Amino acid sequence: MPFLGQDWRSPGQSWVKTGDGWKRFLEEHSHFISDIHSYCNTENNKENVLNNLNYDIAVKKRRKDLLNNNTKIQYLHQEKWIYVHKGSTKERHGYCTLGEAFNRLDFSSAIHDSRKFNYVVRLLELIAKSQLTSLSGIAQKNYMNILEKVVQKVLEDQQNIRLIKELLLTLYTSLCTLVQRVGKSVLVGNINVWFYRMETIVDWQHQLNNIQITRPSLKGTTLTDLPLSLQLNIMQRFADGRDIVCLGQVSSDLQVLSEDRLLWKKLCHYHFTERQIRKRLILSDKGHLDWKKMYFKLVRCYPKREQYGQTLQLCRHCHILSWEGTDHPCTANNPESCLVCLSPQDFINLFRF
């Protein structure tokens, strides 16, 4: 068989580019041409196979990236509710872990609702304290994505700054403890990813510490322009004593109102029971109960009362978990009578099997 660059003619034979010459050439070297065609077809098939393989790999990688939530886009489900059960059956399987519920209940959109914001933040804090390791890898990424949206919302709105600072501090403290125990496989994912997340949390803390509150440019009636009775009435609607103390630093009149004994007495009775209050009595120099000092002492000893504009709810009939106001497929005659509101801690306890 002639090689590339070798003379195609037989010894002592010559031919010209006529019809007979080409015909004779093809007849004499038909086996060689057949081998070339076979080789070309094989190479083309290999190239097609490789192209198809690369395409399939790219498609699978995109699907994997979506499922693993590597992007900033939360994986959205069509239903806004989840069936909660404590055991696998032939009819029901899966969707019974804290991580799965966290992914399915659309917390990413809930943070933009002022009625749900504090509920979601409290839930993030409880997960950071004790449940972070129970989340799957996808749920942990979803957790960090939601937390990033919360921080960005606070930076833009300049509201709930202290609340988010406390959340970030709790999360960072928990991660410091978990990273030290990484040899016991308590964290899902590469340790470098967790170090990066901790650096991100520190960066968020710096941004919140350096935030500059801009005064509204609108001119009109302010809080200090209102009668003192109305100012005190507004203070009485605060659920956190620290907010009352901060408001008292605005002006001398507000400072006087922030020391009102009846104001702190109502706050103590709002958050704590009579029995708890009797155990933490503090008298002032004048012999009166110092309700302000009692409040801050009670806060250190007992959990405060939690109240939210909108919460998650559980249907006792069909065991479906959803946000308040969300419809779900219930077979009860009176579905509303079967609904039970859940606090953030109740939500966590629901998945402790």
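Here the structure is a predicted model, which means the values were calculated and not measured.
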Donor-acceptor check, side chain of [X] to backbone of [Y], threshold 3.5 angstrom: yes or no?
| X | Y | answer |
| --- | --- | --- |
| Gln249 | Gln255 | no |
| Thr200 | Tyr196 | yes |
| Glu324 | Thr311 | yes |
| Tyr143 | Leu124 | yes |

Spatial distance of atom [atom1] ([X]) from atom [atom2] ([Y]) [nearest 0.5 Å]:
| X | Y | atom1 | atom2 | answer |
| --- | --- | --- | --- | --- |
| Gln207 | Ile161 | CD | CD1 | 12.0 Å |
| Leu267 | Asp260 | CG | CG | 12.0 Å |
| Phe272 | Leu298 | CZ | CG | 5.0 Å |
| Leu132 | Leu175 | CG | CG | 6.0 Å |
| Leu171 | Arg197 | CG | CZ | 10.0 Å |
| Leu135 | Asn142 | CG | CG | 9.5 Å |

Any donor-acceptor pair under 3.5 Å linking the side-chain atoms of [Y] with those of [X]?
| X | Y | answer |
| --- | --- | --- |
| Tyr308 | Gln310 | no |
| Thr222 | Asp225 | yes |
| Asn233 | Arg237 | yes |

Taking the six-membered ring for Trp, are Trp264 and His269 ring centroids under 6.0 Å apart?
no
Would Trp323 and Tyr119 count as a close aromatic pair, with their ring centres under 6.0 Å?
yes
Within-4.5 Å side-chain heavy-atom neighbours: [X] and [Y]:
| X | Y | value |
| --- | --- | --- |
| Ser229 | Leu232 | no |
| Leu257 | Leu228 | yes |
| Leu312 | Leu105 | yes |
| Arg280 | Met294 | no |
| Glu125 | Val121 | no |
| Leu123 | Ile127 | yes |
| Leu247 | Ser258 | no |
| Leu226 | Leu223 | yes |

Within a radius of less than 6.0 Å around NZ of Lys165, do more than 12 heavy atoms belonging to other residues, nucleotides or ligands occur?
yes
For Asp327, is the CG atom crowded, meaning more than 12 foreign heavy atoms sit under 6.0 Å from it?
no
Do you know which two heavy atoms are closest between [X] and [Y], and how far apart they sit?
| X | Y | result |
| --- | --- | --- |
| Val154 | Gln159 | CG1-O, 3.1 Å |
| Asn103 | Ala139 | OD1-CA, 3.5 Å |
| Phe351 | Leu98 | CD2-N, 3.7 Å |
| Thr326 | Gln313 | O-NE2, 4.0 Å |
| Leu281 | Ile277 | CD2-O, 3.4 Å |
| Thr133 | Gln140 | CA-NE2, 4.4 Å |

Take Arg104 and Glu100 through the test side chain to side chain contact (heavy atoms under 4.5 Å, CB included) and record every step on the way to the result.
CA-CA 6 Å; Arg104 290 285 300 274; Glu100 187 63 32; 3.5 Å; yes
Evaluate the side chain to side chain contact (heavy atoms under 4.5 Å, CB included) criterion for residues Thr177 and Ser174: first the C-alpha distance (whole Å), next the side-chain angles of each, then the deciding distance (0.1 Å), finally the verdict.
CA-CA 5 Å; Thr177 304; Ser174 298; 5.8 Å; no
Between Lys304 and Val299, is the side chain to side chain contact (heavy atoms under 4.5 Å, CB included) condition met? List the steps.
CA-CA 6 Å; Lys304 294 188 299 181; Val299 167; 4.0 Å; yes
Give a yes or no on whether a salt bridge exists between Asp243 and Arg162, defined as a side-chain N under 4.0 angstrom from a carboxylate O.
yes
Are the charged groups of Glu166 and Arg242 less than 4.0 angstrom apart, N to O?
yes
[X], [Y]: one ILVMFWY side-chain cluster at the under-4.5 Å cut-off?
| X | Y | result |
| --- | --- | --- |
| Val256 | Leu254 | no |
| Leu169 | Ile201 | no |
| Val202 | Val193 | no |

Specify whether His271 and Tyr295 have parallel, tilted or perpendicular ring planes, treating 30° as the upper limit for parallel and 60° as the lower limit for perpendicular.
tilted
Verify side chain to side chain contact (heavy atoms under 4.5 Å, CB included) between Val179 and Met198, making sure each step is shown before the conclusion.
CA-CA 10 Å; Val179 167; Met198 294 175 68; 3.7 Å; yes
Tell me whether the NZ or CZ atom of Arg305 lies within the 45° cone about the ring axis of Tyr270 and under 6.0 Å from its centre.
yes
Using the six-membered ring of Phe117, assess whether NZ or CZ of Lys153 lies under 6.0 Å from its centre and within 45 degrees of the ring axis.
yes
Side-chain atoms of residues 336-347: list all donor-acceptor pairs with protein atoms under 3.5 Å, sequence neighbours left out, distances to 0.1 Å.
from: Ser337; atom 1: OG; to: Asn334; atom 2: O; distance (Å): 2.6
from: Ser343; atom 1: OG; to: Asp346; atom 2: N; distance (Å): 3.2
from: Ser343; atom 1: OG; to: Asp346; atom 2: OD2; distance (Å): 3.0
from: Gln345; atom 1: NE2; to: Asn349; atom 2: OD1; distance (Å): 3.0
from: Asp346; atom 1: OD2; to: Ser343; atom 2: N; distance (Å): 3.2

